[in-house]
Amino acid sequence: MAGLPAKQNGLGALAHLTAYLASWGLHVLGVKFEFLFSKRQCITGVLKKGYITYLLTSILYFWNLHYVRIKMKENILISSFVIAFFSIFTTSTVAAKAICEVVYPKCAAEDTGNILSEKYWKAWEAEMARIDADIEKYRKSDAEVKLENPDPNSFVKIEQIKSEFNFGAPAFYFNRAGDKYRNEAYRNLWGDLFNQATIPFYWKFFELKDGKPRFKNSAWDEEEFLNKVGDTDLLPHPFSPATDELISFLKTRGIRIHGHPLVWGNKRWNVPEFEWLIENYADDAAKAVLKNKAATPPLHKPLYVDEKFKKMSTEDAESLFGNYAGEMEKTSDRRIRQIAAKYADSVDSWDVVNESCIDFESGALEKSKKVCMSLEYGIMPGDYACKAFKIAEKLFPKSAMLSINDYHCGEKYGEQIRDMLSKGCKIDMIGFQRHLWKIDQMKKIAGGEDVPNWSIKRQREILDRLDSFGLPIHISEVTVLPTERTPDGFKAQAAILRNYYKLWFSYKNVSAITYWRTIDKLDKNVRDRDEPYFAGILYPDATKKPAYFALDDLINREWKTSLELKPDENGTVKFRGFKGKYKIVWRDTSGNIRTKIVSVR
């Protein structure tokens with residue numbers, strides 16, 4: 001800054017020094033309070049802002065040195081502080097990126113903050129050699145591709161573009177994330193991360209009025225309306241978008257579609273018993289018993305399942321509730337027929353029956369052909385699980401996979417599947433739910449303690465039992481909470497989720513995994529005890545949590561093959577890669593770029 005008064009030179013230098021000291025201070029604060037940056041928001045966007053900031057800073061710097069030095073000497077202090085502002089912004093952006101390079105530990109060596117206990121890591125690291133060997137054995141295959149006139153001196157690019165394995169999530173909050181930005185981030189989960197979507201057919205929300213299924217959007221399914229609502233779970237049709245628009249969206253992105261559920265006895269979340277079934281189809285005698293016994297949240301089972309109900313004889317139950325159960329069955333069949341008529345060729349697989357093992361285990365399913373006196377769900381049609389598969393087989397094409405789904409995955413689940421197969425039920429896939437609903441459970445797992453049904457040994461026992469059927473297994477509903485609602489808690493969620501995914505992915509017959517929670521909720525209606533609302537892979541503002549990056553690292557990096565090889569003397573490339581669809585690009589001897597799509601199975 002030669003030629004300027006010493007005072008101005010000194011003030012300008014001081015301004016620049018202040019800017020960089022402030023920038024470094026922000027960096028240190030960012031490291032200390034990692035929560036500010038632990039979301040690792042869209043890094044590409046952050047980097048773009050960083051590059052733009054560097055450019056603007058450079059322009060202002062030269063403007064300061066030249067233009068101001070000549071024409072605006074008196075404003076050198078102002079311009080210096082402008083540069084200071086951009087310097088702070090630039091450095092803090094770079095600091096945010098640096099902090100976000102590692103967002104969760106993948107092994108004990110990376111867990112420098114002791115987020116998970118030594119006992120936890122020892123248990124999993126003892127299994128990893130077997131897990132990795134099984135992934136190599138069951139998820140990869142050797143391939144040999146003959147190319148047309150490849151240039152022997154050029155590399156061939158081999159890029160996997162689609163996985164044979166299905167990684168999914170429920171699309172229940174389609175256009176319901178809160179605003180346009182969050183809705184876009186939510187929609188981008190399918191394509192960026194997931195290749196399968198579970199779509200909702202919860203009876204009471206899908207058919208708010210008797211005989212009027214919600215295939216098409218109404219005014220209250222439009223994004224503009226939903227963005228103004230706030231908590232869409234308080235609407236009469238929570239987490240249940242109209243299906244036409246949702247299916248159309250998923251089809252345009254090439255996403256595999258799984259329908260859930262056709263039959264489920266739960267009266268709180270599925271059967272519209274107290275909405276219109278009792279009123280429209282129960283006779284006076286049944287109505288007198290049932291009408292004033294509505295289920296009250298958070299109860300799942302109807303209040304009429306009292307001691308008198310439990311002790312009722314089969315004859316009395318058939319006499320009192322047989323007609324109503326029969327009408328429920330007819331109405332349920334009508335619903336399945338309507339759905340099949342609309343989507344038989346659009347939906348790839350279905351949870352035909354959800355969570356029925358509890359009735360099989362109690363003996364309620366087959367005690368009466370007319371009525372199932374479920375201790376969990378109340379009145380259901382007799383043998384409803386087998387009947388549902390029989391009608392589904394008639395209505396859906398052979399290509400549609402029909403699945404049974406349950407959280408109750410002990411030995412009785414295997415017995416139920418075996419029993420239904422013996423009766424001729426077309427079960428094409430077995431659904432296996434894994435929900436960690438409580439933070440206390442997560443803390444125990446992080447500490448290396450044994451949580452019922454969640455130890456590595458127990459996971460293997462269940463999977464081995466289901467694997468014996470030789471049918472595809474869908475890990476259909478997965479919920480993993482943070483150990484606490486802090487940056488370290490969210491990192492623990494990611495690390496634990498990663499290890500379970502690796503274990504499940506290593507099993508030969510597991511064909512799909514669906515993570516059940518997508519976006520966290522944060523509003524006045526969510527209390528600390530509503531813990532599953534914090535199990536998502538996106539924060540409430542739709543920025544990405546460590547759990548997102550844990551799945552992204554597996555799905556889009558570790559379990560996706562990308563290679564560059566030279567062809568052999570016969571014009572062939574040989575490689576081993578994850579099963580799926582590949583795009584192969586090479587240069588031929590004429591200098592032309594050639595492309596070929598192949599499948600590795």
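Residue numbers run from 1 in the order of the sequence given.
Remark: side-chain polar atoms of Ser141 are paired, donor with acceptor, to backbone N or O of Arg601 under 3.5 angstrom. Side chain of Asp406 to main chain of Cys409: no donor-acceptor pair is present (N/O by atom type, distance under 3.5 Å, no hydrogens or angles). A donor-acceptor pair under 3.5 Å is formed between the side chain of Ser403 and the backbone N or O of Met429. Within the 3.5 Å criterion, the main-chain N or O of Val480 finds no donor-acceptor partner in the side chain of Arg517. At distances below 3.5 Å, not a single donor-acceptor pair connects side-chain atoms of Asp134 with backbone N or O atoms of Tyr507. Between the side chain of Arg335 and the backbone N or O of Pro213, no donor-acceptor pair lies under 3.5 Å. Not one N or O on the side chain of Lys137 forms a donor-acceptor pair closer than 3.5 Å with the backbone of Lys508. Here the side chain of Glu461 pairs no donor or acceptor atom with the backbone of Asn453 at under 3.5 angstrom. A donor-acceptor pair under 3.5 Å is absent between the side-chain atoms of Asp359 and the main chain of Ser374, judged by distance alone. A donor-acceptor contact shorter than 3.5 Å is absent between the side chain of Ser332 and the backbone of Met328.
Looking at Glu329 and Lys387, a side-chain N of the basic residue comes within less than 4.0 Å of a carboxylate O on the acidic one, giving a salt bridge. Remark: Lys545 engages Asp520 in a salt bridge, criterion side-chain N to carboxylate O under 4.0 Å. Under the 4.0 Å criterion applied to side-chain N and carboxylate O atoms, Asp552 and Lys544 are not assigned as salt-bridge partners.
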Assess whether salt bridge (Lys or Arg N to Asp or Glu O under 4.0 Å) is satisfied between Glu393 and Lys390, documenting all intermediate values. CA-CA 5 Å; Glu393 183 180 1; Lys390 293 291 187 179; 5.4 Å; no
Handout entry: Check against side-chain contact (heavy atoms from CB on, under 4.5 Å), Arg253 and Asn188
Key = CA-CA 10 Å; Arg253 297 208 171 185; Asn188 286 340; 3.3 Å; yes
Evaluation steps, side-chain contact (heavy atoms from CB on, under 4.5 Å), between Trp264 and Asn405:
CA-CA 10 Å; Trp264 182 26; Asn405 187 45; over 6 Å; no
Report task. Evaluate salt bridge (Lys or Arg N to Asp or Glu O under 4.0 Å) for Glu415 paired with Arg418, printing each intermediate quantity in order. Result -> CA-CA 5 Å; Glu415 289 181 23; Arg418 198 170 294 107; over 6 Å; no
Practice task
Show your reasoning for whether side-chain contact (heavy atoms from CB on, under 4.5 Å) applies to Ile445 and Tyr500.
Solution key: CA-CA 12 Å; Ile445 288 174; Tyr500 280 125; 3.9 Å; yes
Would Ile430 and Asn509 satisfy side-chain contact (heavy atoms from CB on, under 4.5 Å), going step by step from the backbone distance to the final call?
-> CA-CA 10 Å; Ile430 299 171; Asn509 286 323; over 6 Å; no
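Taken to the nearest 0.5 Å, the CG atom of Asp348 stands 8.0 Å off from the OG atom of Ser399. Put simply, NZ on Lys502 and CD on Glu558 are 5.5 Å apart, with the number rounded to the nearest 0.5 Å. The CD1 atom of Ile475 lies 8.0 Å from the CD atom of Gln459; values are rounded to the nearest 0.5 Å. Note that CZ of Arg139 and OG of Ser163 are 8.5 Å apart. Values are rounded to the nearest 0.5 Å.
The shortest side-chain heavy-atom distance between Glu477 and Asn354 falls under the 4.5 Å cut-off. Residues Ile462 and Tyr413 are not in side-chain contact: their nearest non-hydrogen atoms beyond the backbone lie 4.5 Å or more apart. Within the 4.5 Å cutoff, the side chain of Leu395 has no heavy atoms near those of the Ile339 side chain. Taking 4.5 Å as the limit, some side-chain heavy atom of Thr198 sits within range of a side-chain heavy atom of Trp516. For the pair Ile199/Leu250, a side-chain contact is recorded, criterion being any heavy-atom separation below 4.5 Å from C-beta on. Residues Asp233 and Tyr173 have side chains in contact (heavy-atom distance under 4.5 Å, counting atoms from C-beta outward). Lys574 is not listed as a side-chain neighbour of Asp142, based on a closest heavy-atom distance of 4.5 Å or more. Annotation: side chain of Phe206 is in contact with side chain of Thr243 (closest heavy-atom distance under 4.5 Å).
Listed here is the closest heavy atom pair of Ser346 and Ile257: O-CD1, 4.0 Å.
Between Phe165 and Trp504, a ring centre-to-centre spacing not shorter than 6.0 Å is recorded. The six-membered or imidazole ring of Phe194 lies away from that of Tyr515, with a centre-to-centre distance of 6.0 Å or more. A distance below 6.0 Å separates the ring centres of Tyr582 and Phe575.
Of the options Phe201, Tyr202, Trp350, a ring-ring contact (aromatic ring centres under 6.0 Å, His included) to His260 is made by Tyr202 and by none of the others.
Applying the 6.0 Å contact sphere to CD of Glu411 captures no more than 12 heavy atoms from other residues, nucleotides or ligands. Taking a 6.0 Å sphere around NZ of Lys106, one finds it holds more than 12 heavy atoms contributed by other residues, nucleotides or ligands. Residue Lys370 qualifies as open at atom NZ: its count of foreign heavy atoms under 6.0 Å is 12 or below.
By the 30° and 60° cut-offs, the orientation of the rings of Trp559 relative to Phe505 is parallel.
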